[in-house]
Q: 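The structure is given below, and queries will be raised subsequently.
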Amino acid sequence: MYRIGLGSDIHRLETGKPLILGGVLIESEIGAVGHSDADALTHAVTDAILGALALGDIGSHFSDKDERWRGAESFVFLRFVVGLMKEKGYGVVNVDSTVSLETPRLRPFIDAMRENLANALEIEIECVSVKAKTGEKVDAVGRSEAIKADAVVLLKEG
Ligand SMILES: [Zn+2]
């Protein structure tokens, strides 16, 4: 059996905060604000897996009221959810994702993000797609007020 999942995330941007995406620290004057390390891409992928399994969302497993997760590395969440998925007897077929961010340009960092995600998901890098878009100067993304990430995953049983 196959199951498909959708994940979506948004974080506010602020000067002087680190910008981490797919576990990669991106050189940037502005970064994402969040309870954990605010890795929007990893949160979206984590939510997509939870969604595919109808197991709630990242907030229901890792509350932002919980001090344990303050500043947490988001790959801790992803690896936990991959464990849940494996317990249910599923593996990831492929992931597609889009990060929406006005600046900086993400292209130089894309392959490193894909590699990190592929390792955590226990699949080949060819099965992980990360795309980058700007906000065309409109909307919260376009005004550099926010970073957004969307992801879909396909899971296969067995
Ligand atoms: Zn998030």
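Count residues from 1 along the sequence. Only a predicted model underlies this, so the values are computations on that prediction, with no experimental measurement involved. Note: hydrogens, waters and symmetry copies are ignored here, and every other heavy atom, side chains too, is used. Both counts, for ligands and for their atoms, begin at 1 and track the order of listing.
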Q: Checking salt bridge (Lys or Arg N to Asp or Glu O under 4.0 Å) for the pair Arg70/Asp64: CA distance, chi angles, key distance, verdict?
A: CA-CA 8 Å; Arg70 183 176 294 282; Asp64 62 5; over 6 Å; no
Q: Could you report the tightest heavy-atom contact between His61 and Leu50, atom names first, then the distance?
A: NE2-CD2, 3.6 Å
Q: Taking side chain to side chain donor-acceptor pair (under 3.5 Å) as the cut-off, I'd like each qualifying pair that reaches into residues 43-52, sequence neighbours left out, listed once.
A: Asp9-His43, His11-His43, Ser36-His43, His43-Ser74
Q: Does CD in Glu126 sit with more than 12 non-hydrogen atoms of other residues, nucleotides or ligands closer than 6.0 Å?
A: yes
Q: Between His35 and Phe62, is any pair of side-chain heavy atoms under 4.5 Å apart?
A: no
Q: With 2.8 Å as the limit, jot down which protein N, O or S atoms are around the Zn ion (ligand 1).
A: Asp9 OD2, His11 NE2, His43 ND1
Q: Do Lys86 and Glu122 pass the salt bridge (Lys or Arg N to Asp or Glu O under 4.0 Å) test, and can you show the C-alpha distance, the side-chain angles, and the key distance before you say yes or no?
A: CA-CA 11 Å; Lys86 286 162 78 177; Glu122 303 175 20; 2.8 Å; yes
